[in-house]
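Below you'll find the structure, written out as structure tokens, and then a few comments.
Because only heavy atoms are used, hydrogens play no part in the values below, and waters and symmetry mates are left out as well, while side chains stay in. Note that the coordinates shown come from a computational prediction; the quantities given were computed from them, not determined experimentally. The residues of the chain are indexed from 1 along the displayed sequence.
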Amino acid sequence: MGKKLIVAEKPSVGRDIGRVLGVSSKGDGFIFNERYIISWAIGHLLTLLEPEDYDPALKRWTVESLPIIPKEIRTKPVKKTAAQLRTLVRLMKDNEVSNIICATDSGREGELIFRYIYAHAKCRKPVERLWISSMTDEAIQTGFANLRPMADYDNLYNSARCRSYSDWLVGINASRAYSITTGANLSVGRVQTPTLAMIVDKQAEIDSFVPQDYWEVHAEFLAKNGQYTALWHDNVGAANSRPHSRLNSHEKAKEIAEKVKGKIGKIESIENEQKRTPPPLLHDLADLQREANQRFGFSASKTLSVAQDLYEKRKVITYPRTDSRHLSPDMPLAPVIGGLARNVLYSQYAAYVQSLGKLPITKRIVDASKVSDHHAIIPTGKTANNLTADEAKIFDLVARRFLAVFYPPYVQDITEVLTVVYGENFLSKGVVVVELGWKNLYSENEKNENLPKLAQGEEVKAAKVEVKAKKTQPPKPYTEATLLSAMENAGRTVEDEEIAAHMKQNGLGTAATRAAIIERLLAVGYILRKGKALIPTEKGKVLISILPPEITSAETTGRWEKGLHSINDGRMEPARFMGSIEKFVRYLVDNAKNSGIAAFPKEERTYAKKGNKKAASLGLGKCPLMSCGGGILENSKGYYCGNWKSGCKFTIWKNEMRRYNYELTPQDVAKILSGTRIEIAITLPDTHEKATAQLVLDVESATMLRIVNLVRLKS
């Protein structure tokens with residue numbers, strides 16, 4: 001019997017699997033022993049062909065060439081990782097290999113990465129699938145003991161392939177069509193554009209908001225057992241009408257205040273209610289990103305990156321790229337609780353859960369019908385040692401939420417008192433915390449709003465009455481937390497967790513892709529961060545103004561996402577979905593051809609000295625790609641080739657070196673383009689060590705830059 005080839009998504013994962021299986025002998029791009037060969041991708045090793053790969057004439061952007069709809073969408077190697085792709089292809093074809101195990105990430109993108117490689121190699125050897133949600137040794141061992149047929153994931157692959165193809169078709173055709181007809185450098189996408197539209201629409205609401213004056217009447221009543229405050233309300237007790245406290249007339253407010261001031265009123269009613277708030281559901285990725293943004297100001301991208309490290313490198317949480325907030329019935333929870341009990345930060349809370357004897361499992365925690373590809377994010381039970389500050393924050397959110405779901409509800413006694421003075425209604429509310437329940441795990445101060453002991457029918461005196469002037473407040477701009485919620489629910493803000501769960505299949509993008517969409521909008525200059533707020537730029541606003549509602553509608557795109565879920569569930573044929581996408585692409589191209597020229601804001605173009613026409617035409621230097629020879633220009637986000645309309649893809653983003661704590665300048669780019677190595681001082685992102693290095697041009701790299709001659713500085 002031959003060896004089994006295991007294909008992981010990353011080298012680090014391959015080495016972890018090798019450690020568990022006892023595979024350690026090193027080859028070139030793989031490790032091996034007498035039973036297994038373990039190799040890996042480095043993310044995506046193959047990418048979809050560019051239009052000019054199908055036809056060189058398509059390198060030039062023309063209206064006549066649109067729409068571009070290849071009969072068969074194909075892939076090509078990513079240049080910078082081509083060597084590793086060749087290694088995998090050789091191993092797949094090796095006569096010594098009889099079987100293959102797909103061990104890429106257990107999700108849509110992981111499936112796509114492997115299937116593209118397998119098809120590229122024209123491999124026909126039998127494949128089994130490793131499907132795990134945790135990278136602990138125990139989870140890996142269990143996964144290999146329960147390998148599943150690759151055919152079980154054909155629908156997942158079809159869904160991933162349709163997502164990839166549809167994004168390519170819409171992005172290529174719409175971006176070219178609207179760029180050509182407007183003369184601006186535009187990026188249009190199936191998911192990014194409706195996301196931008198939501199941000200633009202929200203800003204339009206804010207910009208058009210006109211504050212309105214209103215007034216409230218506040219009273220302080222003296223009762224037998226003390227004093228209490230109340231707020232005037234209209235429509236109290238009226239059928240089909242909610243009471244409200246706003247008065248649009250200052251004169252009316254003063255009239256009410258004068259009418260009741262110093263007068264004797266009566267407590268008309270006292271209503272008591274006990275409010276029980278259950279623990280929040282377990283985290284999925286979107287909820288984790290929201291909480292990290294609200295508590296720490298983390299971007300969605302940062303939270304995903306940290307969570308991925310906690311899963312992949314630290315092995316202290318389960319798979320983070322999940323949209324499930326429930327667990328499956330077969331999950332062993334006692335070891336996880338035991339692991340947290342050994343951590344001094346959570347020992348007292350875990351001890352309480354252990355003291356319960358039988359865990360209070362409800363459908364809010366365990367529900368197989370609500371678990372998709374992966375269950376909710378929870379700790380693995382492995383000891384969390386030597387975490388970075390950011391890792392500790394994200395782990396803390398996951399650990400506390402996991403323990404909180406086993407705690408009792410947060411209980412409040414709420415008392416509502418209606419006081420009537422000369423026919424005017426005043427409402428008071430008292431809140432007393434009866435039991436902290438799951439809020440014991442959190443440090444928020446839960447304040448009581450006490451009322452004195454009151455009796456129905458008791459007479460009270462309006463000792464103090466005042467009119468307070470107020471103004472209506474504009475809508476708040478999106479933060480990443482609120483935008484993630486809106487994307488998840490196709491533009492509709494839904495706070496109720498149960499209702500939101502039913503809407504997920506109509507969302508924009510997936511749990512794993514939403515962070516990248518936000519970062520893409522920032523990178524292309526359509527939105528800006530202002531504190532926690534996401535604000536559209538003028539360019540973003542103009543783009544949305546010229547696009548048809550079919551591409552800007554969150555609900556339309558949400559229905560496509562639902563279609564992708566239907567493919568994954570086996571309820572829709574891929575050809576039907578792609579047929580709708582191709583029809584939509586033709587519509588967009590026709591719309592662009594008939595649209596007028598929009599007044600896009602002028603972008604910064606060059607860094608040339610005034611009056612130097614030659615320098616202005618070349619910008620910062622000549623484009624180094626092939627025989628392009630275009631001038632490299634500058635805008636607010638990066639340095640790009642002036643021949644972009646003809647298809648040149650050369651771009652260096654201005655934020656490319658920020659993770660090394662270094663800001664690229666136009667002078668840097670000009671020197672690099674001339675072939676000069678520039679000396680830079682940097683901070684290494686993983687270790688935070690200070691270092692010196694040289695920065696050089698590397699057109700084979702996705703970033704067009706390469707760091708060489710790195711020297712770590714001694715502290």
Side-chain angles (χ1 to χ4, degrees), residues 10 12-13 16 133-139 279-322 325 333 335-354 374-407 438-445 479-481 484 511-512 515 532 658-661 683-690 715:
K10 298 176 183 176
S12 60
V13 176
D16 285 335
S133 293
S134 168
M135 284 300 297
T136 63
D137 291 5
E138 295 79 9
L281 299 177
L282 292 165
H283 284 302
D284 62 4
L285 177 59
D287 188 61
L288 182 63
Q289 289 169 321
R290 279 192 292 268
E291 189 174 5
N293 181 254
Q294 291 163 346
R295 290 181 181 271
F296 314 128
F298 284 8
S299 69
S301 178
K302 179 174 181 176
T303 299
L304 175 56
S305 176
V306 174
Q308 190 70 21
D309 283 347
L310 288 171
Y311 161 70
E312 195 175 289
K313 297 177 181 178
R314 304 294 192 176
K315 302 172 182 56
V316 293
I317 68 170
T318 58
Y319 187 73
R321 297 169 184 259
T322 177
R325 301 188 68 180
L333 301 179
V336 181
I337 298 167
L340 291 174
R342 293 190 294 272
N343 188 317
V344 67
L345 291 175
Y346 313 109
S347 56
Q348 69 178 99
Y349 309 118
Y352 164 79
V353 176
Q354 289 174 322
H374 294 280
H375 57 69
I377 307 168
I378 64 172
T380 62
K382 189 176 186 297
T383 304
N385 288 328
N386 303 317
L387 301 183
T388 67
D390 290 343
E391 288 173 342
K393 288 177 180 178
I394 297 300
F395 179 77
D396 187 67
L397 296 183
V398 174
R400 288 181 190 274
R401 179 68 64 88
F402 172 74
L403 292 170
V405 299
F406 302 112
Y407 267 66
W438 58 271
K439 289 201 174 187
N440 274 291
L441 282 93
Y442 299 91
S443 58
E444 292 92 343
N445 291 323
T479 62
E480 291 204 32
L484 286 168
K532 285 189 177 182
R658 284 181 189 163
R659 62 196 178 108
Y660 293 100
N661 199 29
T683 302
L684 300 181
D686 294 332
T687 63
H688 305 292
E689 295 174 278
K690 301 294 184 184
S715 56

Flag side-chain contact, heavy atom, 4.5 Å: Asp287 against Leu281: no
Given 3.5 Å as the limit, does a donor-acceptor pair link the side chain of Arg325 with the main chain of His283, or not? no
Closest heavy-atom contact between Ala300 and Ala515? C-CB, 3.6 Å
I need the single residue from Arg295, Gln289, Gln294 that forms a side chain to side chain donor-acceptor pair (under 3.5 Å) with Glu291. Which is it? Arg295
Could you tell me the separation between the CD1 atom of Ile394 and the CG atom of Leu304, rounded to the nearest 0.5 Å? 10.0 Å
Could you please spell out the steps behind the side-chain contact (heavy atoms from CB on, under 4.5 Å) verdict for Arg401 and Tyr442? CA-CA 10 Å; Arg401 179 68 64 88; Tyr442 299 91; 4.1 Å; yes
Considering the options Leu310, Thr383, Asp16, which one meets the side-chain contact (heavy atoms from CB on, under 4.5 Å) requirement together with Lys315? Asp16
Identify the heavy atoms of Thr380 and Thr318 that sit nearest to each other, and give their distance. CG2-N, 3.9 Å
Taking side-chain hydrogen bond (donor to acceptor under 3.5 Å, both in side chains) as the cut-off, I'd like each qualifying pair that reaches into residues 339-353, sequence neighbours left out, listed once. Tyr346-Asp396
Show the nearest heavy-atom pair for residues Gln354 and Gly338, with the distance to one decimal. NE2-CA, 3.8 Å
Heavy-atom closest pair, residues Thr322 and His375: OG1-O, 3.2 Å
If you round to the nearest 0.5 Å, how far is CD of Glu480 from CG of Asn293? 5.5 Å
Which atoms form the tightest heavy-atom contact between Pro320 and Leu285, and what is the distance? O-CB, 3.2 Å
Do Arg314 and Thr388 make a side-chain contact, defined as non-hydrogen atoms from C-beta onward lying under 4.5 Å apart? yes
Any side-chain hydrogen bond (donor to acceptor under 3.5 Å, both in side chains) pairs touching residues 300-310, not counting sequence neighbours? Lys302-Asp390, Gln308-Glu312, Gln308-Arg321
Name of the residue among Leu340, Leu333, Leu403 meeting side-chain contact (heavy atoms from CB on, under 4.5 Å) with Val353: Leu403
Check: Leu282 and Phe402 side chains under 4.5 Å, non-hydrogen atoms: yes
On a heavy-atom basis, the closest approach of Trp438 and Ala404 is CB-O, 3.6 Å
When rounded to the nearest 0.5 angstrom, what distance separates CD in Glu391 from CD1 in Ile317? 9.5 Å
Is the Phe298 ring parallel, tilted or perpendicular to the Phe296 ring (thresholds 30°, 60°)? tilted
